[in-house]
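Notes for the one structure printed next.
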Amino acid sequence: MNSGEIREKFLKFFKERGHVIVPSSSLIPDDPSVLLTTAGMQQFKPYFSGKADPTRDFGSKNTVSAQKCFRTSDIDEVGDESHLTFFEMLGNFSFGGYSKEQAIKYAYELLREYGLKIQYVTIFEGDDVVPKDEQSHGIWQQLGITDIREQPKSENFWGPTGSEGPCGSTTEIFVNDIEIWNIVFNEYYCLPAAAGTAQAGKSDGSLEKLKTPGVDTGMGLERLVMVLQGKKHVFETDLFAPLVAEMPEVMDERTKRIFADHARAIAFLISDGVRPSNKEAGYVLRRIMRRVIVQSELAGAGSFSGEDILGLGGGLDIIKVLQKVIARYGDFYPELKKNSGFVVEVFKQENEKFQKTLRNGLKELSRIDGVSAKDAFRLYESFGLPYEVIKEVAGKKAKNLNREDFEKEFEKHKEKSREGQFAKFGGHGLLLDTGELKARDEVEVKIVTRLHTATHLVQAALREVLGPAVKQAGSDITAERARFDFSYDRKLEDDEIKKVEDWVNDKIRRKLDVKFEEIPYKDAVKTGALYFEKEKYPATVKVYSVTDENGNAVSKELCGGPHVQNTGEMGTFKITKQESVGAGIRRIRAVLQ
Ligand code: SER
């Protein structure tokens, strides 16, 4: 079977069993808690939680889809045999329509129809909050599966990471040592404190039983096709082979895979309306575009010297590969065909922009004798020249340059930089790192962004409650918590903490707008906006304000961002700890629940 037939078979199997085929939703989700669509169930969240009625909207309690998904957490892994950024997820869903038993039996039956033999399955072993999934165990046994492995919550419990949503224990099906299908029994609603696959359902009372338990299954099309077509890895399947065939012979295997993966991702992201930029989804797109542009230049082997260095001539015609993607996937995803003009145009524009930067970077590089880690980092930071390019192009001149020293420069810079900017172009590491905010993936970006706005509000609240002696002395934000240091000479009383929390939560409840303007530094400080005294600011700065119903600022600070657009996106603010960190400096930690 070719991949198209495999996809069709899945949809048809469930259609014949009372499911309604729902088209894939966009890669840009409606759900503000995620940056890009990462699972088939996302468009169905309101049906699981009972906020929307599936019978009214679909005419059935059961649906099936092939969903476009994108997972940024794997970007740096792409190039090996299995990791992908963009992929298609096949899934069947039930919002109170059928039972666990039916869900497992469907999976069993369909895999048999595909001609696959289940090697083993896993089930949830239980903990002090959610009991062991005895029922799934029994059902699998009945079906003749003998290898049933019990696993902890970190493996067999699915829920949203860092935000709220339906969750529950899972049973996973393995074929040829590959996890092929994940079946989630959504019995609970996880609140943010418990969210995150690993911690979901901790005994902090943040799990609520759903009124109608649901079924959410996910099977990556690429893996299924790989197994069915008997290929060693996904890039050999007919989903990728025609793309890989476009790559020049000289290109190494890993680069070919990166290209094939990124070309699909670029085409689908642009066709769904993402545009390259320096934030959020736009940044993800820019990062993968720049990576393929650089790789394409490198594939022009040896052409990195002299003046004609950066014509695409020597390398790979990326646009041709993008057109292949459109032709290959355009029948099933018609939006690709419809938006093919955008795909090409947006790529061309970004390419032009980046080529200019690269060219300047290479000129600069040619002026340096003996490239040090510091030089390399500067070239990277100012021109986006990746480490590999510098090493390759500079040849002997960079013989003392090694990745470890380069990374060290990076670390040093991260500590210094407090400017709100996405500083990575495609190496390894954090997705967002402003020095103050740190996030490893798109979900964490959302969380730290909310906490960042909370930090502004807390500074305003502290000044309101304790007086203007309070001044920021430091701030550090991760997906787990915000940490804020400020000048004040004594411990805060419980009722003061409560007042601060109430002040912040009042602003959140009122759903106030958060806006920024860019103005010269001299003018900015005159507006009375707060700023961090230890910080060196550029000539033009951003001033972020949270404004009340009458347009008056309740918080105003010089800041690089990013921030939420409205405080209504933030949840409930809570101070979890206070301590002293030196003479006259207090530290608080806070979370949004
Ligand atoms: N939501 C689950 C997953 O993404 C099953 O669809 O794996």
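Counting convention: from 1, in listed order, for ligands and their atoms alike. FYI, side chains are in, hydrogens and waters are out, and symmetry mates aren't considered; it's all heavy atoms of this structure. Just so you know, these numbers come straight off a predicted model, no measurement behind them.
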Val184 N/O to ligand 1 N/O under 3.5 Å = no
May I ask whether Met219 has any heavy atom positioned less than 4.0 angstrom from an atom of ligand 1?
-> no
Would you find a donor on one side and an acceptor on the other, under 3.5 Å apart, between the side chain of Arg450 and the backbone of Glu569?
-> yes
Tyr47 pairs by side chain to side chain donor-acceptor pair (under 3.5 Å) with which of Thr212, Thr63, Thr55, Asp57?
-> Asp57
Before signing off on this row, confirm whether Asp216 and ligand 1 have an N or O atom pair separated by under 3.5 Å.
-> yes
With a 4.0 Å cut-off, would you call Glu436 and Arg483 a salt bridge?
-> no
If you compare Ile183, Thr217, Asn182 by their heavy atoms, the one closest to atom 7 (O) of ligand 1 turns out to be Asn182
Counting from 1 in the order shown, the ligand 1 atoms closer than 4.0 Å to a non-hydrogen atom of Gly218 are 5 (C), 6 (O)
Would you call Glu16 and Lys12 a salt bridge, using N to O less than 4.0 angstrom?
-> yes
Using a strict cut-off of 4.0 Å, indicate which atoms of ligand 1 neighbour a heavy atom of Ala39.
-> 4 (O)
Report yes or no: does a heavy atom of Arg71 sit under 4.0 Å from some atom of ligand 1?
-> yes
For Trp158, the ligand 1 atoms with a heavy-atom partner under 4.0 Å come out as 1 (N), 2 (C), 3 (C), 4 (O), 7 (O)
Taking every heavy atom of Tyr333 against every heavy atom of Ser24, the minimum-distance pair comes out as CE2-CB, 3.9 Å
In ligand 1, which numbered atoms sit nearer than 4.0 Å to a non-hydrogen atom of Met41?
-> 1 (N)
Residue pair His19 / Tyr98, side-chain donor-acceptor N/O under 3.5 Å | yes
Could you tell me whether the side chain of Thr171 and the main chain of Thr122 form a donor-acceptor pair under 3.5 Å?
-> yes
